[in-house]
Amino acid sequence: MNIAQQISEEEMQEGMSIKELLHILKVRLLWIIIAFVLVVSAAIGYLQYVTPMYESEVTMLVESLQNSSSFESLMLGQTTSKISTEVELALSRTNIETALTKLDLAQYTDVEGRSYVDRNVRGDVSKRTTVTTVKDTNIVRITVTDQNPQFARDFANALVESYNELLGTISRTSKTIQKEFIQSQLPINERQLQEAADALGAFREESNYIQLSDKSKLLSEKIAYFQLRREPLALQLREAELEIENYQETLASYAIQTPSFEELMRDVDIESLLVAYKENSRELIMYEAIQEGIPQNSDRLFVLRSAISQNTKKLLDRITLLVAPRGLSSDGYVMIAAQEMAKAYHQKIVTSAQVEILSQIEDTYTEELSQLPTLERQLLDLQRDVEVYETLRIRLMELLEEVKIAEASVAGNVTSIDPAEMRVNSEGEPVPVSPNKMLILAVSVLLGGALGVLLALMIEMLDVTIKDEAILRKLSGPNRPMLGWIPLMNFDKSLEIPSLVVYNDPLSFESERYKLIANNISFVTLNGHQRLFSITSPGMGEGKSSVAANIATSMAMNGLRVLLIDGDLRLPQLETFFNLKKSAKGLVDVVTTEISVEEVIVQPLANVSTLHLLPPGFSPPLPSAIFNSVEYVQMIGHLMTVYDYILIDTPPLVFASELMSIAKHVDGIAINIRAGVTTKGGLRELLDNLELADVNVLGIIFNGVIESKMGGHYSNGRYYSYQGSGYAKRYYSARYNTTEGEAKKAAQSTKVRNGYRANFLKDLKRREKSRNTGTRNAILPFMEKREPFENEDTKKSTLNPLASKAFREKEKKQDNPMDILAAIEHDPRAKGKSEE
């Protein structure tokens with residue numbers, strides 16, 4: 001299992017602790033504040049510009065138009081309290097326009113002072129008006145919302161008034177139609193009754209037949225019963241036909257075409273529902289005709305009535321769907337007319353089915369009665385006719401009186417319970433229902449905080465760089481030592497070597513951080529008898545050259561003999577770092593030509609004689625071949641006898657594969673990580689490759705840390721705070737007996753900036769600008785003719801203590817110089833050679 005897999009499993013198992021979450025929120029606090037301020041500002045801006053809306057509500061009691069409005073309900077005493085039809089009428093265009101005509105619109109204005117007479121100013125009031133009902137009651141509430149509180153109140157009351165008039169007109173019209181229909185049927189009934197009575201009298205005079213058998217009486221009574229039930233249905237059928245004609249004319253005036261009765265009867269769904277309805281109705285009528293011996297709460301009667309009720313409802317729903325206008329008019333009155341016509345169609349279909357069933361049953365009894373003697377049968381027929389017409393006449397007279405009374409008593413179907421009033425506060429000022437300032441502000445505060453936290457976590461998830469030491473420890477593994485961290489610095493450009501902090505200001509806090517890392521490396525390598533190591537980083541521009549130079553300088557200033565090798569043959573940086581002029585020859589020349597290493601080693605600092613630098617020389621076409629050559633290995637072996645420590649500044653793995661060739665010959669490698677620049681994936685890739693090559697990793701150097709942003713780190717469940725700047729200030733103040741301001745200035749020899757990325761880009765720009773522009777001449781410490789340097793303490797000229805003989809004799813020159821790189825590739829002693 002590789003390191004990346006181990007890290008991933010560890011992250012999944014550990015997850016994120018509350019302390020780590022709080023640390024992330026602290027680091028991303030600026031984003032949280034920005035999101036919070038934006039959301040709250042948007043809410044405040046919305047409250048400043050939104051128009052306040054006022055609301056008025058009126059409560060009323062509505063009576064159903066269906067109460068005693070149909071002939072069926074009048075004959076059978078059935079009533080209904082459903083008011084869905086009436087609720088639809090409340091917001092009809094007719095009702096709203098009537099309510100507006102009752103108001104003096106000139107007295108109402110909007111917030112800009114424009115009159116409500118203009119339709120564009122008042123807008124579509126129907127969209128700001130809602131109608132609600134209280135469940136299982138006839139109580140209806142109309143709510144009007146408007147920017148003018150007086151208009152909302154007055155319009156709500158006007159709606160109730162116009163609504164009452166509209167329902168009253170519809171109700172009176174219905175009662176008038178019923179009265180006229182009953183009045184037209186009374187003369188017909190009287191004529192039929194007179195004819196039946198005359199026929200019975202004439203029969204008795206002529207036949208002198210009086211006595212009837214019991215069976216004849218029973219059959220006659222049953223036939224009379226079915227006739228009596230059929231006659232009101234016939235009247236109801238005619239009433240339904242009249243209503244259908246009336247509603248067809250109404251809808252035709254709106255250019256709406258509706259299906260005919262024959263088209264409805266051809267519908268497959270209606271046919272199947274009607275068949276089931278007839279079967280259940282026939283059985284129920286037979287049970288009702290028997291009456292005696294059958295309890296009214298019989299289970300069978302309940303099942304039949306339930307089935308008939310369901311069939312009736314399904315029929316009405318299907319008819320309503322077929323009759324309803326599609327996409328033509330959304331006016332409430334048109335919709336109500338279509339619904340009423342659907343009910344009339346339903347009444348006609350159901351009534352026709354009942355008449356058909358009663359006629360079939362009556363025919364059955366009539367056929368049985370026809371088997372009796374002729375005189376007896378004739379007498380029964382005549383008596384039955386007289387009985388039916390008399391009963392029907394009595395009921396018609398009663399209904400006529402009831403309808404007349406109902407028509408005269410119609411004053412309105414709507415009763416106002418609670419008139420609309422303006423909502424005012426204790427000072428009498430109208431209170432708007434929207435916007436709810438406190439609610440909006442409270443929601444904006446919560447939403448701003450939540451979005452800020454979410455934004456902070458999202459930015460943290462999307463950030464692929466390493467900024468936190470806790471994340472770095474997770475990625476590097478629990479057993480990987482941290483050699484130390486280095487703060488983010490800005491340098492004084494007036495200095496000769498700005499980035500060499502340990503040389504420019506050896507007592508500063510930043511210098512102490514470099515010295516600590518140098519001591520840690522010395523401790524690790526000394527215990528393991530390791531003196532050759534390299535410093536690398538996952539990517540370019542992450543400060544590994546600066547770290548290597550400062551560590552090497554720190555060791556040399558402690559009296560150790562240190563050689564710093566620039567192993568980045570592609571983009572060498574060490575000479576630029578020390579502000580040296582580029583050397584003509586270097587490492588590549590030693591390996592590929594006859595010159596000795598003493599000829600190319602330079603001393604970058606005149607005052608630090610134990611620090612030497614081996615420049616790269618010319619750029620080879622195949623850098624990895626240099627480090628795989630036997631000459632390179634022999635050179636390193638000789639230099640180990642001369643120096644206490646050798647540091648190799650290596651190129652990053654992502655851009656140069658020769659890192660692995662260098663790593664094979666070192667005792668250990670230190671990884672430099674730059675906060676906010678090094679990516680998590682880059683570190684994982686580097687660790688995976690070092691793991692595969694079995695390279696000893698000395699530890700991790702965390703470079704470019706911003707103390708103000710980091711604030712510390714979490715390790716093993718504990719919080720550690722970085723107080724370097726404060727320590728430096730107190731140290732300087734006590735050491736030099738300076739004022740607090742002078743001590744602060746001295747402690748801030750390297751000033752911290754506020755951005756990882758800004759600092760990184762500025763460093764790249766500075767290094768690119770200073771590349772190949774060194775102004776200092778390097779000292780050649782091993783040359784026979786070398787210039788002495790003055791010792792600051794003795795002020796005497798001394799010789800370089802590292803002077804020695806050439807580590808190898810120059811080979812004799814050949815007439816035809818061989819291609820050194822080709823020789824390295826074919827040399828069987830060369831390391832790193834691919835297997836044949």
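In what follows, residues are counted from 1 in the order of the sequence shown.
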- Heavy atoms, side chains only, cut-off 4.5 Å: are S352 and L237 in contact? yes
- Find out whether R230 and S359 are in side-chain contact, i.e. whether some heavy atom of one side chain is under 4.5 Å from a heavy atom of the other. yes
- Message: Looking at every non-hydrogen atom in both residues, tell me the closest pair between Q347 and E243 and how far apart they are.
- Response: OE1-OE1, 4.5 Å
- Message: Does any part of the side chain of R266, heavy atoms only, come nearer than 4.5 Å to the side chain of E263, both counted from C-beta?
- Response: yes
- Message: Using only atom types and a distance under 3.5 Å, with no angle test, would you say the side chain of S309 pairs donor to acceptor with the backbone of R305?
- Response: no
- Task: Please report the closest heavy-atom contact between A152 and Y54, naming both atoms and the distance.
- Result: CB-O, 4.1 Å
- Drop me the distance from L233's CG to E239's CD, to the nearest 0.5 angstrom. 11.5 Å
- Any side-chain heavy-atom pair from R141 and V134 closer than 4.5 angstrom? yes
- Message: E57 and side-chain hydrogen bond (donor to acceptor under 3.5 Å, both in side chains): which single residue from T132, T130, T143 fits?
- Response: T143
- Task: Using a 4.5 Å cut-off on heavy atoms from C-beta on, say whether the side chain of R114 contacts that of D118.
- Result: no
- Item | The single option from N95, V58, L91 passing side chain to side chain contact (heavy atoms under 4.5 Å, CB included) against Y163 | N95
- Contacts of type side chain to side chain donor-acceptor pair (under 3.5 Å), residue D198, not counting sequence neighbours: Q194
- Message: Has N311 got a side-chain atom pairing as donor or acceptor with A307's backbone, closer than 3.5 angstrom?
- Response: yes
- Message: Would the distance check show the side chain of N280 and the main-chain N or O of A276 forming a donor-acceptor pair, the cut-off being under 3.5 Å?
- Response: yes
- Between N138 and L61, is there a donor-acceptor pair closer than 3.5 Å when you use the side chain of the first and the backbone of the second? no
- Using side-chain contact (heavy atoms from CB on, under 4.5 Å) as the criterion, list what pairs up with M265, not counting sequence neighbours. F261, L274, I349
- Could you tell me the separation between the OG1 atom of T320 and the CE atom of M341, rounded to the nearest 0.5 Å? 10.0 Å
- Query: Atom CG of L159 and atom CD1 of I142: how far apart are they, to the nearest 0.5 Å?
  - Reply: 5.5 Å
- Are Q360 and R282 linked by a side-chain donor-acceptor pair shorter than 3.5 Å? yes
- Return yes if some donor-acceptor pair links the side-chain N/O of R122 with the main-chain N/O of V117 below 3.5 Å, else return no. yes
- Query: Is a donor on one side and an acceptor on the other found under 3.5 Å between the side chain of H346 and the backbone of R318?
  - Reply: no
- Just by distance, do the side chain of R128 and the backbone of T145 share a donor-acceptor pair under 3.5 Å? yes
- Donor-acceptor contact present, side-chain S281 to main-chain K278, <3.5 Å: no
- Check ring pair (Phe, Tyr, Trp, His ring centres under 6.0 Å) between F151 and all other residues, then give those that pass, not counting sequence neighbours. Y108, Y116, F155
- Donor-acceptor contact below 3.5 Å, side chain Y345 vs main chain P259: yes
- How far does NZ of K314 sit from CD1 of I270, to the nearest 0.5 angstrom? 14.0 Å
- Which heavy-atom pair separates I417 from P419 by the least distance, and what is that distance? O-CD, 3.7 Å
- Query: Within a strict 4.5 Å, meaning less than it, do heavy atoms of the I308 and Q310 side chains meet?
  - Reply: no
- Separation between CD (E249) and CD1 (I244), nearest 0.5 Å, reads 12.5 Å
- Task: Could you tell me whether the side chains of Q236 and T351 share a donor-acceptor contact shorter than 3.5 Å?
- Result: yes
- Query: Heavy-atom distance under 4.5 Å between the side chains of E241 and K348, does that happen here?
  - Reply: yes
- Note on the structure: To the nearest 0.5 Å, atom CE of M53 lies from atom CG of D146 at 5.5 Å
- Hey, are the side chains of R238 and L235 touching, using non-hydrogen atoms and a 4.5 Å cut-off? yes
